[in-house]
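Structure first, commentary second.
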Amino acid sequence: MQAKVRTTAQGEGTRGRRRPLRALGPALIVEDDGLVALDIAEALTEAGARSVTTCASVAEAMAELEKAIPALMVLDVHLADRDDGWALAELATQLGESPPLILFTTATPAAIPATAAALGKVLPKPFCTDVLIAMIEKERSSGLFGRLRQALSGQ
């Protein structure tokens, strides 16, 4: 099964309810539930992600990671082809110059090894995509440039 790629210009969206994320590059979603993957992809697109690629398996995601390391990875940790989706996060942090922002999604957060969970944030399923977007905003604003941006904007 080929990875599904959805691309949109920054700020475009079908519902127009989310404000654009600041300078969010490409996103990779690894989720074997098609409806959940589409919901996350739509939320990221509406929030201003430059491009969103969805993969239903570790094998598909590995092929995508060979092409490029995304700025953001949303990873289901229990997939149809493997039960250790966090291995993708470990790989992605080693391949690129700057590691992606990683969000793990799972119905069993305790099953993620502590060393893997330390690579990102864990979002228990089920979740609302607005919570996902808020988590991304929070994580992106916690770095040096984010703190400077907040100080300058008075937030």
Side-chain angles (χ1 to χ4, degrees), residues 1-8 10 13-15 17-143 146:
M1 181 174 176
Q2 288 287 349
K4 298 171 192 139
V5 179
R6 291 173 36 141
T7 304
T8 185
Q10 187 152 352
T14 56
R15 292 182 233 158
R17 61 186 167 97
R18 292 184 173 95
R19 71 178 201 273
L21 295 171
R22 285 177 287 225
L24 179 63
L28 176 64
I29 301 166
V30 185
E31 171 63 62
D32 55 1
D33 183 321
L35 292 176
V36 172
L38 287 174
D39 193 33
I40 295 169
E42 182 178 20
L44 292 175
T45 300
E46 288 179 0
R50 188 175 69 214
S51 67
V52 177
T53 303
T54 63
C55 299
S57 68
V58 170
E60 288 178 26
M62 294 284 288
E64 289 299 319
L65 289 174
E66 286 180 11
K67 297 176 193 173
I69 302 301
L72 168 67
M73 293 178 69
V74 179
L75 302 172
D76 182 1
V77 296
H78 300 290
L79 299 158
D81 65 337
R82 301 234 351 218
D83 216 22
D84 63 346
W86 59 80
L88 291 168
E90 293 169 338
L91 178 65
T93 59
Q94 299 299 314
L95 292 177
E97 290 180 20
S98 60
L101 172 58
I102 297 169
L103 299 175
F104 297 106
T105 61
T106 181
T108 56
I112 302 173
T115 55
L119 296 173
K121 296 294 179 184
V122 179
L123 185 59
K125 288 181 177 179
F127 59 87
C128 172
T129 55
D130 288 338
V131 172
L132 172 85
I133 298 301
M135 186 179 271
I136 293 168
E137 277 289 315
K138 181 180 181 217
E139 289 304 308
R140 291 181 53 74
S141 66
S142 65

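By convention here, the first residue in the shown sequence is residue 1.
Across all their heavy atoms, Ala41 and Thr54 have their closest contact at CB-CG2, 3.9 Å. Among all heavy-atom pairs drawn from Ala27 and Leu44, the shortest one is CB-CD1, 3.9 Å. Between Phe104 and Gly120, the closest heavy-atom pair is CE1-N, 3.9 Å. Between Val30 and Ala61 the shortest heavy-atom distance is CG2-CB, 3.6 Å. When all heavy atoms are compared, the tightest approach of Ser57 to Asp81 is CB-OD2, 3.3 Å. Taking both residues in full, the closest heavy atoms of Pro70 and Pro100 are given as O-CB, 3.0 Å, listed atom of the first, atom of the second, then distance.
Looking at Val74, Thr93, Leu88 one by one, the single match for side chain to side chain contact (heavy atoms under 4.5 Å, CB included) with Ile102 turns out to be Thr93.
For the atom pair Glu139 CD and Glu137 CD, the distance stands at 11.0 Å (nearest 0.5 Å). In this structure, Glu46 CD and Thr129 OG1 are separated by 8.0 Å, a value rounded to the nearest 0.5 Å. Rounded to the nearest 0.5 Å, atoms CG (Leu65) and CD (Glu60) are 12.0 Å apart. Atom-to-atom distance recorded for Lys121:NZ and Leu101:CG is 9.5 Å, nearest 0.5 angstrom. Expressed to the nearest 0.5 Å, how far CG of Leu28 lies from CE of Met73 amounts to 5.0 Å.
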Open item on the list: Could you walk me through whether Leu123 and Leu103 satisfy the side chain to side chain contact (heavy atoms under 4.5 Å, CB included) test, starting with their C-alpha distance in whole Å, then the side-chain angles of each, then the deciding distance to 0.1 Å, before giving a yes or no?
Closed with: CA-CA 7 Å; Leu123 185 59; Leu103 299 175; 5.6 Å; no
- [ ] Kindly indicate, with the supporting measurements, whether the criterion side chain to side chain contact (heavy atoms under 4.5 Å, CB included) is fulfilled by Phe127 and Leu132.
- [x] CA-CA 8 Å; Phe127 59 87; Leu132 172 85; 4.2 Å; yes
TODO: Give the C-alpha distance, both sets of side-chain angles, the deciding distance and a yes or no for side chain to side chain contact (heavy atoms under 4.5 Å, CB included) between Asp76 and Ile29.
DONE: CA-CA 8 Å; Asp76 182 1; Ile29 301 166; over 6 Å; no
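For Pro109, the side-chain contact (heavy atoms from CB on, under 4.5 Å) partners are Thr106, Val122, Pro124, not counting sequence neighbours. Considering only residues two or more places apart in sequence or on other chains, Val36 meets the side-chain contact (heavy atoms from CB on, under 4.5 Å) condition with Glu31, Asp33, Ile40. Partners of Ala111 according to the side-chain contact (heavy atoms from CB on, under 4.5 Å) rule, which considers only residues two or more places apart in sequence or in another chain, are His78, Thr108.
A donor-acceptor distance shorter than 3.5 angstrom exists from the side chain of Asp32 to the backbone of Ala80, with no hydrogens or angles considered.
For the pair Thr53/Pro26, no side-chain contact is recorded, criterion being any heavy-atom separation below 4.5 Å from C-beta on. Within the 4.5 Å cutoff, side-chain heavy atoms of Met62 are placed close to those of Leu91.
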